[in-house]
Number of protein chains: 2
Amino acid sequence: MRVASARNLHGHVTQQLGVRIVSGQLQPGEVLPREETLAEQMQVSRTALREAMRVLSAKGLVEARPKVGTRVREERYWHQLDADVLAWRCASMPTTDFVQKLGQMREVFEPAAAAFAAHRRDAAQLKQLETAYRAMEAARNTDEWAQADLQFHEAVLVATNNELMISLFSVVETALGSFFVESARKSGDFKYSLPYHQQVCEAIRQRQPELARDAMQKMIVDSRANMSGKRRTRKSA
Amino acid sequence: MRVASARNLHGHVTQQLGVRIVSGQLQPGEVLPREETLAEQMQVSRTALREAMRVLSAKGLVEARPKVGTRVREERYWHQLDADVLAWRCASMPTTDFVQKLGQMREVFEPAAAAFAAHRRDAAQLKQLETAYRAMEAARNTDEWAQADLQFHEAVLVATNNELMISLFSVVETALGSFFVESARKSGDFKYSLPYHQQVCEAIRQRQPELARDAMQKMIVDSRANMSGKRRTRKSA
DNA sequence: TCTGAGCATATTGTATGATTATATAGATCG
DNA sequence: CGATCTATATAATCATACAATATGCTCAGA
């Protein structure tokens, strides 16, 4: 998932202001300094500042009106599923509370996605899935594992043939990504969840939605327990 | 959910270009005319055009690079869960296929949301829910019903205390909204789903997640059958 | 002929100043 | 006291100039 590139100047400005808003440094309701002043403060032209504001406005973070100024909107208007908003939030408040909310999202739609995938997958999508699975089997270290794992889950989502779910996965997974690798690193045996993946893969191959759903469900519950520090149950088949 | 207002000039431009891209009139890979030319074609200044481009770029629809120009990105990069992208899509391709995908999303996360709500709701949130339910009971026509229905489902989502789910609901529901009222209008007895709502409400009140999940699930399945034209089964309690 | 460095060029990126539209608050009139 | 009109601050739009940056071409050298 591409995130607001810092390559351009307005990208920098967008990011800076975005973080300041999402982190709470700029409170909702607060009106920002007028364009000219703020541009001067940030050492950029009004053009760059305005383009940044336009983006923040599109993300629901601010609202600009003539005469009154630009004010920070309340949280309920923020586009919480926007990749940038999510990233800024992860950067500024890495509270376990927020990670749990992301985990809840996964827990909700990944098992459902596995079921849909078992319904609708085509041959090419199954092949992608099996390739990812074999890469997980072959992984020699946590990095290889994490990469293959991500591809596996992405393959499941792609096989749903529902681009809305793919997009949701992409957003949530990117936000959770850093925690996954950390989790894998903490775990002594990083391949402990391989049997679950095998079951999911097999169920999708045989077009058995309920089996796929259950296997995915168990995998996530176990993964969650592992992330929260609890010792996993060793499985070998 | 606020959508790109057409109040501002760049809002108009954003919308026009957005629709042209999402509808396929502008194909992925295609490079747009250079800023100066395009601005002239659309009878706006380069400034307004650029601010629109910046927004479209933030939504993943286009990518601009010096010397090469601005090109339409492939669909997999589009932010499919963006409210505007979704709205443009609904406007340009009202195919049943896409409506089904939206319905799948609902089917996945609304029952889960009901279960979470039963877990985590506080007193105020329950009150909101019950208020919405009574409004549904009291509805005298399809418009009142549709409004109360929306408030009911929103109250369930709010009670999850997970702003990511709230946002997802807000986006999906807005896109589906027009189809709901149409569905209610087509149905002779628009209150046929009231018993399901009662069950959901009661389960959340009693903090019984699984009951809430099941009731919501049944409601959605039934609603879906109704929308696809099949005659509903008359229920009275 | 092939290869790579460097230069020319087209396009977006940034900056600045001026003008217009708009919403708020205050003044004025009934 | 209330409604309407006016003044004004701010964002919105426009026009123009200049800077940065990729791309592709040219041309020297092997």
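We name chains A, B, ... by the order of the sequence lines, and we start the count at 1 in each one.
- As a whole-Å value, the separation of A:His12 NE2 from C:dT14 C1' is 15 Å.
- Residue A:Ser45 places none of its side-chain N or O atoms closer than 4.0 Å to OP1 or OP2 of C:dT14.
- When rounded to the nearest whole Å, the span between CG of B:Leu38 and C1' of C:dG13 equals 17 Å.
- Considering only the side chain of B:Arg50, C:dT14 comes nearest among C:dT14, D:dA11, D:dT21.
- Across the protein-nucleic acid pair, B:Arg34 atom CZ and C:dT9 atom C1' stand 12 Å apart, rounded to whole Å.
- Contact between the side-chain N/O atoms of B:Arg65 and the OP1/OP2 oxygens of C:dT12 is not found at any separation under 4.0 Å.
- The side chain of B:Arg46 lies closest to C:dT12 when the candidates are C:dT12, D:dA12, D:dT10.
- In this structure, A:Leu49 places its CG atom 13 Å from C1' of C:dT14, rounding to the nearest Å.
- Under 3.5 Å, the side chains of B:Glu51 and B:Asn8 contain no donor-acceptor pair of N or O atoms.
- In this structure, CG of A:Leu9 is placed 15 Å from C1' of D:dT21, rounded to the nearest angstrom.
- Residue contacts for A:Arg54: at a heavy-atom cut-off of 4.0 Å it reaches the sugar-phosphate backbone alone, with no base atom in range.
- For the pair A:Glu35 CD and C:dT20 C1', the computed distance is 14 Å after rounding to whole Å.
- Checking A:Arg89 against A:Gln80 by side-chain atom types alone, a donor-acceptor pair falls below 3.5 Å.
- The shortest distance between the side-chain N/O atoms of A:His10 and the OP1/OP2 oxygens of C:dG13 is not below 4.0 Å.
- Looking at residues two or more places apart in sequence or on another chain, you find no ring pair (Phe, Tyr, Trp, His ring centres under 6.0 Å) involving B:Tyr133.
- Distance NZ (A:Lys67) to P (C:dA23): 12 Å, rounded to an integer number of Å.
- Judged purely by distance below 3.5 Å, without hydrogens or angles, the side chains of A:Asp84 and A:Gln15 never pair a donor atom with an acceptor atom.
- Side-chain proximity of B:Thr47 to D:dT10, C:dA15, D:dC14: nearest is D:dC14.
- The aromatic rings of B:His197 and B:His153 lie perpendicular to each other, with more than 60° between the two planes, well past the 30° mark.
- In terms of position on DNA chain D, the residue among A:Ala64 and B:Ala48 whose nearest nucleotide sits closer to the 5' end is A:Ala64.
- Rounding to whole angstrom units, CG of residue A:Asn8 and C1' of C:dT12 are separated by 9 Å.
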